[in-house]
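Remarks on the structure that follows.
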Amino acid sequence: RRPAGLWPFSLGVVATVVICMFLFGHTREVEAPVPSAAVSFAAGSDHLSRRVRGTLDEEIVPLVQAEGAEACFTLAAGTDGSEVDPALARRRAAATLDYLVQEWELSPGRFLVETGGTPACDETEAGDVEACRATNRSVRITRIGCTAVE
């Protein structure tokens with residue numbers, strides 16, 4: 001019952017941990033989530049309503065600013081499938097980019113605009129077609145490597 005007996009035991013525990021870390025790796029590589037956010041538009045509209053501008057100001061701009069002045073992003077815009085205007089997604093992306101450049105003085109060279117590729121909402125797994133369409137009517141901003149923009 002002497003404290004001296006704890007030293008060898010403690011040393012054995014530490015040695016075991018060190019050996020296990022050496023053999024099995026002491027760092028776990030976890031991929032950081034890619035920063036992204038989205039702003040949804042009303043059906044058939046590319047208008048930056050007060051709600052849309054609020055989302056841009058409160059979610060999109062802080063995301064862009066948090067990533068630093070050298071970070072680049074995609075602006076991916078879509079339509080919901082029931083919208084018949086093929087240029088609507090492009091206008092949504094352009095309106096969003098114009099707002100970010102004019103109101104927040106962000107460099108347009110940091111953004112790569114993508115349109116199209118809207119998935120069909122009639123076959124959603126959850127069966128919530130309206131939620132799917134609302135998601136498709138959005139402009140999603142995602143951080144990317146700047147080599148993709150150049």
Are Phe111 and Tyr99 co-members of a hydrophobic cluster defined by side-chain heavy atoms under 4.5 Å apart?
->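 Yes, Tyr99 and Phe111 fall within the same hydrophobic cluster.
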Path from Leu88 to Leu48 over hydrophobic side-chain contacts below 4.5 Å |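 Not linked; separate clusters.
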Is any side-chain heavy atom of [X] less than 4.5 Å from a side-chain heavy atom of [Y]?
X	Y	result
Asp85	Arg91	yes
Trp104	Asp57	yes
Thr55	Arg53	no
Leu100	Val61	yes
Arg143	Ser36	no

Spacing of [X] atom [atom1] and [Y] atom [atom2] [to the nearest 0.5 Å]:
X	Y	atom1	atom2	answer
Leu97	Phe73	CG	CZ	12.5 Å
Leu75	Thr96	CG	OG1	6.5 Å
Glu67	Cys72	CD	SG	11.0 Å
Leu63	Glu58	CG	CD	14.0 Å

Donor-acceptor contact present, side-chain [X] to main-chain [Y], <3.5 Å:
X	Y	result
Ser107	Gly109	yes
Ser45	Ala42	no
Arg92	Phe41	no

Non-hydrogen atoms of Ala77 and Val139 that approach each other most closely |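 Looks like CB-CG2, 3.8 Å.
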Show the numbers, then the answer: is there a side-chain contact (heavy atoms from CB on, under 4.5 Å) between Arg140 and Val39?
-> CA-CA 7 Å; Arg140 176 163 294 283; Val39 59; over 6 Å; no
Can Asp46 and Arg90 be counted as an ion pair, charged N to O under 4.0 angstrom?
->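 The answer is no: the pair does not qualify as a salt bridge.
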Apply side-chain contact (heavy atoms from CB on, under 4.5 Å) to Asn136 and Thr79, showing your working.
-> CA-CA 5 Å; Asn136 290 345; Thr79 57; over 6 Å; no
